[in-house]
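Below is one structure, written out as structure tokens, with a few remarks after it.
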Number of protein chains: 4
Amino acid sequence: MSRLFLGYSVPMPADPARRSQESWRAILDAAYALFVENGYQSVTMGGIAARAGVGRQTLYRWWPSKGAVVFEAFLDKVSIGPFPADGDFAAILRAYAHGFLTLYVDGAGGSRLRELIGAAQTDPDLARAMAEQWFEPRRAPVRQALREAQQAGAVRADVDADTALDLVFAPLHYRLLVSGQPLDAAYADAVVDLCLHALR
Amino acid sequence: MSRLFLGYSVPMPADPARRSQESWRAILDAAYALFVENGYQSVTMGGIAARAGVGRQTLYRWWPSKGAVVFEAFLDKVSIGPFPADGDFAAILRAYAHGFLTLYVDGAGGSRLRELIGAAQTDPDLARAMAEQWFEPRRAPVRQALREAQQAGAVRADVDADTALDLVFAPLHYRLLVSGQPLDAAYADAVVDLCLHALR
Amino acid sequence: MSRLFLGYSVPMPADPARRSQESWRAILDAAYALFVENGYQSVTMGGIAARAGVGRQTLYRWWPSKGAVVFEAFLDKVSIGPFPADGDFAAILRAYAHGFLTLYVDGAGGSRLRELIGAAQTDPDLARAMAEQWFEPRRAPVRQALREAQQAGAVRADVDADTALDLVFAPLHYRLLVSGQPLDAAYADAVVDLCLHALR
Amino acid sequence: MSRLFLGYSVPMPADPARRSQESWRAILDAAYALFVENGYQSVTMGGIAARAGVGRQTLYRWWPSKGAVVFEAFLDKVSIGPFPADGDFAAILRAYAHGFLTLYVDGAGGSRLRELIGAAQTDPDLARAMAEQWFEPRRAPVRQALREAQQAGAVRADVDADTALDLVFAPLHYRLLVSGQPLDAAYADAVVDLCLHALR
DNA sequence: GCTTAATCGAGACGGTACGTCCGGTCTTACC
DNA sequence: GGTAAGACCGGACGTACCGTCTCGATTAAGC
């Protein structure tokens, strides 16, 4: 038997109700602190356990890998938004674009997200967990707003919603992960404008 | 003293003219083979050296890290294009989009590129090298074609060229690296169409 | 408060009358089976508990250590003798020598005794328990017979009884534990003969 | 291919000539110090490596187990004798008996030997190594002296030499390892006297 | 019969040692 | 001086047990 953890399928580790809340808290705190301070690479299972004052086995009992712990710690600490979810579609789009931008550029943990995405390239479970737990929840309201705008006739109805969403989310992450070119407010605005133009 | 290697700054390791061509060849072949067969994570410096029949020190003498060797091996083996560089801008854009798509989806080494990009998230030297040696050379001709199209009046002149390029390159990499949604020809076409619409 | 267990002094664990007879039986059976099958080293408290279908705490409640459980299981299962306790002293000596020999060479649990003696070298409690519960009960009748033989004038009276006993018991255990030389019936006979010669 | 180490058969670890003399010295010193200070049980491979300022892998490269390291360290540090090897057989016997006695009772490392013998009960390689490298070299001169005494007619010629030797060596080790009764000079003398009586 | 307390199976917990793997440096002998 | 070979120190890995602890469920006495 097995259970799902953030999309991970791991051997059933008995009853989650029996796990120690103190240890769980201490582990997430320690993992996040080490992640933010020194970066993903230098986080180690042993280091997290030591900082949390916890046995190493306790980590392995509840998480299958370093990526899983760090990502759960990330989810536990980092939030984005909330943003206006109704009203002008253009404003919604702009709010989200600037929200991501701020997170990636300013935020302590946010600016480390790219390292997590990097780790996910060789860890399919982490990749799935991140897609489901982090990205999709942030795309969903925008997708909803887009559909409403399409029904209202403010946006072309012949475009697949996810493809349209990618038009604005993708460039931000492309600069974050790939191109190395500047990622700033002016760029976010330009992308949003082009996107709106494409969708009109 | 130091020299530049693919953007890496490494301590000057004596006279490059004296390096063994056989070893160099064997190392790149071994590194690429291991990379394609088992993935980036499981490539090790020792493994490359053993497979190449080479001393471990020889790797460290000429490359600063695993990422550097593997990326040079990748550059050595994987190519994309050439694509038509003049004529209809839309056709050029489409050719490039499909070129990347094919590489990432079909190609042996190409489908491993995402792992290299992943590694680059915690290795700034590798990130710079990849941006300069891999991505920029593939963007340059498209940027040139875009500018000519702008001068010809076929494309809006009030858009920054790199931002415009991102509109088509970014979504492909976003789906590759982040979203987990399908990356196929229909998507590439849709993205190109939207992009052209935005730029008209 | 504390109680004595086979020479161990352990914290008093409440009322022994309340202990579960089923668990006690199952534990001794499991411990002995694991000991005989895989040897002392590979016996673990957790392994015993699992095989006995018993909680780990139940072991720790009634026994202070692995050595204590295994030795009690050993005592519970392994016996030697009885041997003729009166009559010719030489015959008694020979009977005991061959009894030990058979146990060590043939017996399932007996041939594992050397491992228990080994463990006792770093566990004073186990050493004491073994001396009192295993070795002394087997020496006592021989000592008694020796003293009677001394009084009857069949054996020199100027020799300390324990020293004399050692002359025959020691070589058997020396070959078992130390020298690695063959331990067989011919050797046992030779030792007994020499011993009798020394004591005449 | 493999090589012999103190009777151990281990996978061939390349050229012993290349091993670091400094590390080798530091390891034996550290192992012996920890052994004498805290006892065999509490010696760990990691502890030896740390105290020696050596990588853990270096231990595993050259020794197959804790027992092997500690025993080599023991051999390196602990000596016994030399004793007079010719002249009166009784005197030789007495010298050896007192030599062992002194080692086991007084000596720092010597009094730990029983723990090594204990470990050997579950480690056949260690048992063999100890028999060949420690015990046999100490028995050999006495065996030689015994044979000369037999030829000179001072000792019965109808007794197997090793059996006769056991008569005096065994009781000392029996009290050390098994019986828990006092091991002192008076006992050693009594044993030697009885032994000489048996052999006359 | 009811309550109360100790024992039971189960298993999570903080630790410690294991033996392996790899990173990056160094040494040696050959070319 | 570059090279193949490989020993070296360091340190992270994931596993196995240790001995303690907490949890309900069960059981057995004493009221």
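Chain A is the first sequence line, chain B the second, and so forth, proteins listed ahead of strands; every chain is numbered from 1.
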Check your understanding: Reckon B:Ser23 has a side-chain N or O less than 4.0 Å from the OP1 or OP2 of F:dG2?
Key -> no
Review point. Under 4.0 Å between a side-chain N or O of D:Trp62 and OP1 or OP2 of F:dG6?
Key: no
Starting from [atom2] on [N], measure out to [atom1] on [X] and report it in whole angstrom.
X: A:Arg19; N: E:dA10; atom1: CZ; atom2: C1'; value: 18 Å
X: B:Asp123; N: E:dG24; atom1: CG; atom2: P; value: 10 Å
X: D:Leu59; N: F:dG10; atom1: CG; atom2: C1'; value: 14 Å
X: C:Arg61; N: F:dG19; atom1: CZ; atom2: P; value: 16 Å
X: A:Gln57; N: E:dA17; atom1: CD; atom2: P; value: 16 Å
X: A:Tyr60; N: E:dG14; atom1: OH; atom2: C1'; value: 16 Å
X: C:Arg25; N: E:dC8; atom1: CZ; atom2: C1'; value: 18 Å

Review point. According to the salt bridge (charged side-chain N to carboxylate O under 4.0 Å, His left out) rule, which pairs have a member within residues 113-122 of chain C, sequence neighbours left out?
Key: C:Arg112-C:Glu115
Revision key, fill the gap. Contacts of B:Lys66 and D:Arg56 projected onto DNA chain E by closest heavy atom; the upstream (5') one is D:Arg56
By side chain to side chain contact (heavy atoms under 4.5 Å, CB included) - contacts of [X] (at least two apart):
X: D:Ala120; value: D:Leu126, D:Ala127, D:Met130
X: A:Ala33; value: A:Glu37, A:Arg51
X: D:Glu22; value: D:Ser20
X: D:Ala73; value: D:Leu28, D:Ala31, D:Tyr32

According to side-chain hydrogen bond (donor to acceptor under 3.5 Å, both in side chains), who are the partners of [X], at least two apart in sequence or on a separate chain?
X: D:Gln57; value: none
X: B:Lys66; value: none
X: C:Asp76; value: C:Arg25

Check your understanding: Under the ring pair (Phe, Tyr, Trp, His ring centres under 6.0 Å) test, which residues partner B:Phe74, sequence neighbours left out?
Key -> B:Trp134
Review point. Side chain to side chain contact (heavy atoms under 4.5 Å, CB included) between A:Gln121 and B:Leu116: does it pass, once the steps are laid out?
Key: CA-CA 8 Å; A:Gln121 303 312 312; B:Leu116 263 179; over 6 Å; no
Taking N or O atoms only and anything under 3.5 Å, show me the protein contacts with nucleotides 27-30 of chain F, one pair per line.
none

Revision key, fill the gap. Contact check, residues 33-55 of chain D vs DNA chain E, heavy-atom distance under 4.0 Å, returns D:Thr44, D:Met45, D:Gly46
Look for any protein N or O under 3.5 Å of an N or O in nucleotides 24-26 of chain F and output each such pair with its distance, or none.
none

Review point. Sub-3.5 Å donor-acceptor pair from the side chain of C:Ser42 to the main-chain atoms of C:Asn38, do we have one?
Key: yes
